[in-house]
Amino acid sequence: MKFKLPCEGVETPFYYYDMELLRSTLNEIKECIAGSDVHVHYAIKANGNPEILKVIADSGFGADCVSGGEIEAALAAGFSNDSIYYAGVGKTDREIIFGIESGIGCFNVESIEELKVISELGERCGKKVPVALRVNPNIDAHTHEYITTGLEENKFGIDMRCLDKAVDFATASDWIDLIGLHFHIGSQITITEPFALLCERINALTEYYRRRGVEFPVINVGGGLGIDYDNPDENPVPDFKNYFDTLISGISLTPGQHIHCELGRAVVAQCGSLITQVLYVKEGIGRKFLIVDAGMNDLMRPALYGAHHKIETVNAEEDACEEVYDVVGPVCESSDVFGKGEKLPAVRRGDLIALRSAGAYGESMASTYNMRKLPGSLFIG
Ligand code: PLP
């Protein structure tokens, strides 16, 4: 990828956002769902940068939030109140009250205990609270164990065996408006089968409840569509058509029912790169270390999941010969490694390196560990 200057002169490390790519990704989604019963709620946890949120809100998408802070960010960015959905296994009373008073569109509820608390707090606020029940469908998403969420052993969602009890409680409460079912089976899913299986589970469940007189207007399938981390230039936009076609053809909707998706990574991952500067080229015993000024605090995915982001030079000399490096950060942890045995054009102190596909779960996971500054951001296009 050709990074447009002024990259030089901006303090590194920083996130470089290709806003043109973000807009064309959003347009592609809009084209795929035009005229269908699908609504997309962007999962703010993937990237809550206010500039990014504004563009997504302006495109007419809803927001999927997992904390009171994300609800505040969504409102500030211009997402309409009723397009904000709130999920998470550990919502505090303060966050629930804030959501109720803000008039958000739905609480995705993860346990019967939480349902009871929401009912009490709805009564206290004098407002009937729109709720979807998050179901744990026990589906293996065939992704990293830290980002698979729909298996029985995960902490997320209500086990299918307890769902009747939750539905009974919700329909009996004067303070709960049961509007939907919510699912999310995992993240970075690059095959169609888990989504197709999810559609089958959804159809079986909605049919089961329909026979008992309970209809769910909102069928929320969560997020999870993966991206191509190895080939960001060849595949800058995920195969949204296949994803939405799978859902639209797989889920049997009745009149008045809608599909809601909570895509995060697929929307923003490819538009972001972490730009970092080479501090030292250190000769080790049998290997060369490229020590860069970005660390695991700036981009946590490699240390957290063993994830790999494509590493490229930004401004190395065109005819430089290839060298093999271990690309590492300055943080005092052995896991502060971005890549081992990376083949790159020979670089020198001061050269810029790009860690690609870092727009999702990059800046939003950054911390000040080692009392380092948070990375900045640059928006191009
Ligand atoms: N919805 C829920 C409930 C989630 O937990 C997540 C991610 O963890 C998402 C949506 C977004 O997932 P993704 O970024 O894989 O699309």
Side-chain angles (χ1 to χ4, degrees), residues 22 25-26 28-29 32-33 38-49 52-53 56 61-67 70-71 74 79 83-91 99 104-111 114 131-137 139 141-151 154-158 180-192 194-195 198 218-229 237-240 243-244 246-247 259-272 300-301 304-305 307 357-365:
L22 175 60
T25 305
L26 293 169
E28 173 84 21
I29 296 174
C32 289
I33 61 175
V38 178
H39 297 269
V40 174
H41 290 235
Y42 167 64
I44 289 190
K45 68 170 82 64
N47 191 320
N49 187 302
I52 303 273
L53 292 187
I56 299 174
F61 290 79
D64 162 46
C65 299
V66 288
S67 70
E70 286 193 357
I71 296 174
F79 288 95
S83 77
I84 297 173
Y85 281 25
Y86 179 20
V89 282
K91 303 178 188 77
I104 65 168
C106 189
F107 285 76
N108 295 333
V109 170
E110 306 240 3
S111 65
E114 184 192 332
V131 156
L133 298 175
R134 176 167 179 181
V135 185
N136 185 335
I139 290 175
H142 299 287
T143 184
H144 190 281
E145 60 170 318
Y146 284 5
I147 48 176
T148 191
T149 53
L151 286 170
N154 297 129
K155 68 180 175 181
F156 301 102
I158 299 170
L181 290 176
H182 175 225
F183 306 82
H184 173 74
I185 55 175
S187 204
Q188 184 50 16
I189 300 168
T190 51
I191 50 175
T192 308
F195 293 119
L198 176 61
V218 173
I219 303 297
N220 187 335
V221 297
L225 179 64
I227 61 132
D228 190 344
Y229 280 98
V237 180
D239 190 351
F240 289 117
Y243 170 73
F244 288 115
T246 304
L247 298 177
I259 300 171
H260 287 236
C261 305
E262 301 168 339
L263 297 176
R265 183 190 316 269
V267 180
V268 289
Q270 296 292 27
C271 78
M300 199 181 177
R301 297 188 67 257
L304 189 62
Y305 311 126
S357 315
Y361 307 105
E363 193 178 356
S364 61
M365 281 188 172

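Whatever order the structure lists them in is the order used to number ligands and atoms, beginning at 1. Counting begins at 1 with the first residue of the sequence.
- The atoms of ligand 1 that sit less than 4.0 Å from any heavy atom of Arg134 are 3 (C).
- Heavy-atom contacts of Tyr361 reach the following atoms of ligand 1: 7 (C), 11 (C), 12 (O), 13 (P), 14 (O) (cutoff under 4.0 Å).
- Applying the 4.0 Å criterion to heavy atoms of Leu263 picks out, from ligand 1, the atoms 16 (O).
- Of all the atoms in ligand 1, the ones that sit under 4.0 Å from a non-hydrogen atom of Arg265 are 13 (P), 14 (O), 16 (O).
- Considering all non-hydrogen atoms of both residues, Glu28 and Phe240 come closest at CG-CD1, 3.7 Å.
- Expressed to the nearest 0.5 Å, how far CG of Leu133 lies from CG of Asn220 amounts to 12.0 Å.
- Ligand 1 does not have Ala266 within reach: every non-hydrogen atom of the residue lies 4.0 Å or more from it.
- Of the polar atoms of Ser187, at least one N or O is found under 3.5 Å from an N or O of ligand 1, judged by distance alone.
- Heavy-atom minimum distance, Glu70 versus Lys45: OE2-CA, 3.2 Å.
- Residues satisfying the side chain to side chain contact (heavy atoms under 4.5 Å, CB included) test with Asn49, not counting sequence neighbours, are Tyr17, Asn47, Glu51, Ile52, Glu363, Ser377, Phe379.
- The two residues Phe195 and Gly223 have their closest heavy-atom pair at CE2-O, 3.9 Å.
- Side chains of Ile33 and Val40 form a contact here, defined as non-hydrogen atoms less than 4.5 Å apart.
- For ligand 1, the atoms sitting less than 4.0 Å from at least one non-hydrogen atom of Glu262 are 1 (N), 2 (C), 3 (C), 9 (C), 10 (C), 11 (C), 16 (O), numbered in the order shown with element in parentheses.
- Between the side chain of Thr25 and the main chain of Val237, no donor-acceptor pair closer than 3.5 Å is present.
- Every atom of ligand 1 is numbered from 1 in the order shown, and the set under 4.0 Å from a heavy atom of Gly264 is 13 (P), 14 (O), 16 (O).
- Of all atoms in ligand 1, numbered sequentially from 1 with element shown, those under 4.0 Å from a heavy atom of Gly223 are 10 (C), 16 (O).
- Ligand-side atoms of ligand 1 in range of Asp64: 1 (N), 10 (C), range being under 4.0 angstrom from any heavy atom.
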